[in-house]
Structure formats: C-alpha cells, structure tokens
Protein chains: 2
Amino acid sequence: MIEKPNLEESLEAFKLGISNRRTIIAVGECRIDYFGRGHSELDYGDRAVVIKSDGALVIHRPFGLEPVNWQPPGSMYRAYIKSGSLIVEAYRRSPEEKIIVTFKRVLFLAPLGLRDDASFRLYTSEEIMKKAFIKRPEIVEKGLRVISEEKKVGSGLVDCLCLDLNGGIVIVEFKKNRAGVDAVEQLSNYVRELRSSGSEVRGVLVAPSLTKEAYGKLNSLKLEFKRLSVKKCIEILESTGETSKISDFIS
Amino acid sequence: MIEKPNLEESLEAFKLGISNRRTIIAVGECRIDYFGRGHSELDYGDRAVVIKSDGALVIHRPFGLEPVNWQPPGSMYRAYIKSGSLIVEAYRRSPEEKIIVTFKRVLFLAPLGLRDDASFRLYTSEEIMKKAFIKRPEIVEKGLRVISEEKKVGSGLVDCLCLDLNGGIVIVEFKKNRAGVDAVEQLSNYVRELRSSGSEVRGVLVAPSLTKEAYGKLNSLKLEFKRLSVKKCIEILESTGETSKISDFIS
DNA sequence: TTCTCAATTTCGTGG
DNA sequence: CCACGAAGTTGAGAA
C-alpha cells in the first residue's frame with residue numbers, strides 16, 4: 001500500500017498490480033470518460049477506483065449505491081502518463097467499450113492479494129414460495145398436484161404446471177412482490193398458448209397482492225388470484241424442518 | 001488511514017468515521033450475513049467494505065462486477081466487538097433489512113474525506129435514436145410528423161406520437177437493442193388503447209433488429225418494423241452539428 | 001451465441 | 001407512498 005504516491009509511482013503500481021492479478025484499490029482525484037453502448041462524462045472529483053483480480057472495474061463516488069462507471073470481468077488495461085496525468089484505460093470487446101480514468105492526483109493506492117474462496121448462498125423469496133408450494137400445493141388450492149416446474153411453453157417458462165381435482169390443467173405463476181399488469185399478461189400468454197393446444201386451462205397468479213390495474217385485467221381475462229405471502233411460506237417450510245437457517249434470521 | 005489495525009482500533013475508526021460522515025474503505029477477512037427481502041450467507045474471506053458518506057454500503061469480493069452485498073444510502077450503522085470479532089451492522093427500514101459484517105481481521109482501514117461535486121452526464125442510445133428521429137422523422141417514414149413525445153396512453157408511455165401523410169396516427173416505439181416479444185406487446189398495448197378511442201392507428205417498432213418470436217407476433221398483430229441502428233442515428237445527429245462530443249468517441 | 005426471465009435489481013418520473 | 005418503465009442494467013440457465 002502506498003500513501004500519496006506521485007503519478008510515476010502510481011503508474012508502476014498499477015502496471016505491476018494488474019499484471020500480477022492483484023486487486024487494486026486506488027483513491028484519487030480523477031475524471032472519467034466512457035464510450036460503448038452509451039457514452040458518459042464525469043469531471044474531476046475524488047473517487048475510489050477498484051480493479052479486481054479478474055479484470056473487473058468498479059468506480060465509486062463518495063455517495064450513492066451504484067458505481068458511477070464500471071467494466072466487467074475480463075477487461076483489459078493500459079496505463080500511461082500523458083500531459084502530467086496518469087491515465088488508466090479499461091477495454092472490453094463485444095460489445096466494444098472503453099473507460100478512461102484520468103488521475104490528477106492519487107490519495108492512496110493498494111495492490112492487494114485477497115483470498116476469498118467462500119461460496120455465496122442466496123435464498124430468494126420466489127425460491128421460498130415455490131418450494132413451499134411444491135411441499136404443500138394446498139396453500140394455493142386443495143387437491144392441486146404439481147406436474148412440472150419451469151415448463152417451457154412457447155414464448156416463455158411457466159413456474160408450475162399442475163392438475164386440479166377435475167384433472168384440468170392449472171398454470172401457477174409466482175410473484176414475490178405485489179403483482180402488476182405485466183405479471184397478469186405473462187400468465188395470460190401461457191394460458192392462451194396451452195389453451196390453443198385444445199385443453200381446458202386455468203391460470204392462477206400467486207402473490208402477496210395485486211395492483212388495481214392487474215386486478216381488472218385478471219378478472220377480464222378470467223384468470224385467478226391467490227394471496228400468498230413469503231412469510232407464510234417460510235412458516236410452512238419451517239414446519240417441515242427444511243430451512244432452520246432462514247428462521248434464525250426472522251425476527 | 002490505518003494499516004493492520006487491531007480490532008479495537010478498527011472499531012474506533014469505524015465509529016468516528018461514520019459519525020463524521022467520512023467515506024470508509026476497509027479491507028479485511030470477514031463473513032457477511034444479510035436478511036431482508038431475501039437472505040444470504042457468505043463465510044469468511046477477504047473483501048473490501050465501503051461505507052459511503054451518505055450511508056450507502058457496498059461490499060466487494062476480489063472478483064466479479066457486482067457487490068456481493070450492499071445497503072442503500074441512508075442506512076444506519078452499529079459497530080461493536082463481540083467474541084473477539086469486530087461486527088459492523090447496517091440497517092435500513094422499509095423494507096426492513098440488515099447486513100451483519102463480522103471481521104476476523106482488518107488489513108487496512110481508511111476513513112476519507114472525499115470531495116466530488118462534478119455532475120455525471122450519461123448519453124444513452126435510446127436518447128440518441130429519439131433525438132435523431134425528431135430531427136429527421138423520414139428515417140422511419142417519409143412525411144411523418146411528430147405530434148408529441150413521451151405521451152401518456154392508458155397504461156404506459158408512448159415514445160413518439162406521429163401523423164402520417166394520410167393524417168393517420170402512428171405510434172413509434174424505439175428499442176436500442178434487438179427487440180423481443182415484450183417490445184411488440186408493449187407497442188401492441190398502446191395501439192390497442194388508442195384504437196379503442198376510435199382512431200385509425202398504426203404502430204411502428206424501430207430497432208436495429210427483431211427476434212424471430214417478435215417478428216411473428218408483430219406480423220400477426222399487423223404492426224410494422226423499421227430497421228434503424230444507433231450508428232445511423234449518430235451520423236444523422238452529427239450531420240446537423242449537434243453532438244460533436246459523441247463523434248469524438250466513435251472509432 | 002441467442003433468448004428468456006429473475007434481481008435483496010436500482011433508479012427515475014409521475015400521480 | 002404506489003405504479004410503471006429504463007438501465008451501458010447484470011446474471012443465470014437453456015436451446
């Protein structure tokens with residue numbers, strides 16, 4: 001780690017760090033230009049520039065959640081000094097994109113050999129809903145039998161294909177948040193495509209709630225809605241002793 | 001900036017830095033737990049933890065473009081030592097979410113007073129297409145006259161409302177990338193809503209290309225497609241001397 | 001590669 | 001606050 005390096009020192013550190021596949025964290029006053037699918041300009045200011053070991057680049061301003069500019073893993077780098085500024089360029093192909101960072105000064109620069117082998121486990125709400133439904137289909141409708149998950153139907157993927165007590169086909173679509181018109185349309189498309197193959201098909205949208213517009217559309221299309229919250233699903237999975245980890249974090 | 005601080009030093013630096021609204025960059029071995037809309041676990045490894053001056057939190061692994069965990073601006077923090085570990089918690093309300101970072105050791109910690117007042121300018125491809133079209137509507141169809149942009153139509157916003165040579169209404173929808181079924185459906189919705197008010201309405205999807213599915217749907221709905229690339233639009237804007245900045249970056 | 005959908009999407013805009 | 005659409009969306013998964 002180097003504090004207040006001059007631009008030549010910074011250049012060397014960048015070059016060495018990149019070729020040694022270090023993760024480099026540099027903070028300094030810089031401007032940023034991007035060109036590719038779009039085009040952006042950001043005049044001089046203090047930012048944190050991070051080049052990761054896999055070639056990913058993220059540049060953060062001192063505020064805001066998202067990086068102001070970035071480049072994906074596998075990007076290629078060039079660094080040089082021109083007109084008294086340190087310039088770092090990040091390239092990618094397909095699509096061809098380029099970021100040019102022009103440093104006026106560097107506050108500090110840290111080329112780091114970081115070790116991180118842990119595997120990230122994410123449990124999403126929709127996963128939870130689907131699992132709970134497969135475990136206990138009656139939370140949506142009594143007598144429902146799940147035929148298949150993620151079934152391909154023409155233009156998209158149906159969450160769950162089921163049979164009801166009368167042997168009719170039921171398409172079940174899950175939304176973890178309040179469902180909007182788009183969700184109803186998506187379900188409607190699936191139902192229409194399956195109906196066109198001659199079967200009796202019902203469509204059920206499962207979500208914690210519906211927008212007003214979605215409710216109207218749903219009714220006019222004679223589709224159905226079943227209210228189901230993620231919380232309820234977690235309780236169901238807990239009761240079968242499947243996800244004690246999740247419940248640890250519920251308060 | 002502190003190198004290899006012990007946990008007590010780190011705790012003090014975190015507390016002071018957060019209450020002084022510094023941007024804090026900390027690198028160290030930590031585990032991360034998240035609970036809120038979803039739930040995630042990540043066992044110990046080296047990561048860069050950034051707390052920004054506005055309370056935003058981003059945690060980056062040494063690889064990958066996206067942060068592994070994060071919390072938006074305005075989050076609240078608690079830091080303490082427990083069982084020989086430094087724990088930093090980030091809270092938000094609505095939705096209620098929490099991130100718990102447990103440090104085993106800290107490689108370095110930098111509380112920074114960063115100044116960044118510059119304004120970010122982003123030029124998107126869709127902007128460019130729309131501007132070029134308004135400048136020269138004939139790139140889509142000869143004789144077209146633009147009536148309004150971003151016109152609200154029932155459920156959404158139409159990119160451009162136009163009149164053709166026969167005085168008929170034409171809805172023009174732009175997509176900067178190859179357009180899919182969703183784009184056709186969106187256009188179809190707008191056309192349907194305007195037709196329901198009794199007018200003759202045509203719909204034109206303007207994009208560099210169409211997916212096969214989209215092409216079929218477009219035809220069956222009797223909508224139209226006009227091929228137009230962003231590159232062409234840039235040339236058009238250049239020819240009117242509007243965007244020399246953009247052209248500087250084209251190669 | 002293309003296509004489709006999810007995301008702790010985030011971010012803006014308008015009602 | 002809700003609703004809706006764009007994003008340099010990114011990312012994962014399948015054909």
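So that the names make sense, note that chain A is the first sequence line, chain B the second, and so on, each numbered from 1.
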(request) Begin from the C-alpha positions of B:Glu89 and B:Lys98 and carry the test salt bridge (Lys or Arg N to Asp or Glu O under 4.0 Å) through to its verdict. (result) CA-CA 7 Å; B:Glu89 298 184 1; B:Lys98 171 163 61 169; 5.2 Å; no

(request) Would you please confirm or rule out a distance under 4.0 Å between OP1 or OP2 of C:dA6 and any side-chain N or O of A:Lys175? (result) yes

(request) Could you check how far OH of A:Tyr215 sits from C1' of D:dA3, rounded to whole Å? (result) 19 Å

(request) Grab the CG-C1' distance between A:Asp182 and C:dT4 for me, whole Å please. (result) 15 Å

(request) Please determine, for the side chain of B:Glu97, which listed nucleotide (C:dT8, C:dC5, D:dA6) has the closest atom? (result) C:dT8

(message) Please give me the minimum heavy-atom distance between A:Leu57 and A:Tyr77, naming the atom from each residue.
(response) CB-OH, 3.2 Å

(request) Figure out the CD1/C1' separation between B:Ile128 and D:dA7, and round it to whole Å. (result) 14 Å

(message) Just the rounded figure in Å: distance from P of C:dA7 to CG of A:Leu122.
(response) 8 Å

(message) Quick check on contacts: within residues 219-230 of chain A, what sits under 4.0 Å from DNA chain C by heavy-atom distance?
(response) none

(message) Just by distance, no angles: are the side chains of B:Glu185 and B:Ser188 close enough, under 3.5 Å, to form a donor-acceptor pair?
(response) no

(request) For a side chain to side chain contact (heavy atoms under 4.5 Å, CB included) with A:Lys217, tell me which candidate from A:Leu223, A:Val184, A:Leu187 qualifies. (result) A:Val184

(request) On DNA chain D, check which nucleotide each of B:Ser94 and B:Phe174 is closest to and give me the residue with the more 5' one. (result) B:Ser94

(message) Suppose you measure atom P in C:dT4 against the same atom in C:dT8; what distance do you get, rounded to whole Å?
(response) 22 Å

(request) With a 4.0 Å heavy-atom cut-off, tell me which residues in residues 55-72 of chain A come close to DNA chain C, sorted by residue number. (result) A:Leu65, A:Glu66

(request) Please determine if A:Arg115 and B:Asp46 form a salt bridge, counting it only when a charged side-chain N lies under 4.0 Å from a carboxylate O. (result) no

(request) Determine: side-chain N/O of B:Thr124 to OP1/OP2 of D:dA7, distance under 4.0 Å, yes or no. (result) yes

(message) Less than 4.0 angstrom between a side-chain N/O of A:Tyr190 and OP1 or OP2 of C:dC5, yes or no?
(response) yes

(message) OP1 or OP2 of C:dA7 versus the side-chain N and O atoms of A:Asn177: is any pair under 4.0 Å?
(response) no

(request) Return no unless some side-chain N or O of B:Arg178 is found under 4.0 Å from OP1 or OP2 of C:dC3. (result) yes

(message) Under a 3.5 Å distance rule, please check whether B:Tyr34 uses its side chain to pair with a backbone N or O of B:Gly38 as donor and acceptor.
(response) yes

(request) For residues B:Phe133 and B:Leu144, determine if any side-chain heavy atom of one lies less than 4.5 Å from a side-chain heavy atom of the other. (result) yes

(request) Determine, for B:Glu41 against A:Arg121, whether the closest basic-nitrogen to carboxylate-oxygen distance falls under 4.0 angstrom. (result) no

(request) Check the distance between D:dG5's P and A:Gln186's CD and give it to me in whole angstrom. (result) 14 Å

(request) Verify whether the ring centers belonging to B:Phe225 and B:Tyr215 lie closer than 6.0 Å. (result) no

(request) In whole angstrom, give the distance that lies between atom CZ of A:Phe120 and atom P of D:dG11. (result) 13 Å

(request) Taking the side chain as every heavy atom from C-beta outward, state whether B:Val27 and B:Arg47 have any pair of such atoms under 4.5 Å apart. (result) no

(request) Round to the nearest Å and state the distance from B:Leu210 atom CG to C:dT4 atom P. (result) 12 Å

(message) Please pick, from C:dA7, C:dT8, D:dC4, the nucleotide with the shortest atom-to-atom distance to any side-chain atom of A:Thr211.
(response) D:dC4

(request) Would you indicate which nucleotide in D:dT10, D:dC4, D:dA7 comes nearest to any side-chain atom of A:Arg37? (result) D:dT10

(request) Name the residue closer to the 5' end of DNA chain D, choosing between A:Ile99 and A:Ala179 according to the nucleotide with the nearest heavy atom. (result) A:Ala179

(request) Could you please name the option among C:dA6, D:dC4, C:dT4 that lies closest to any side-chain atom of A:Val181? (result) D:dC4

(message) Working to the nearest 0.5 angstrom, can you tell me the gap between B:Ser40 OG and A:Tyr123 OH?
(response) 9.0 Å

(message) Output the rounded distance in Å from CD (A:Glu126) to P (C:dT4).
(response) 18 Å

(request) Verify the contact: side-chain N or O of A:Lys176 to OP1 or OP2 of C:dT9, cut-off strictly under 4.0 Å; return yes or no. (result) yes

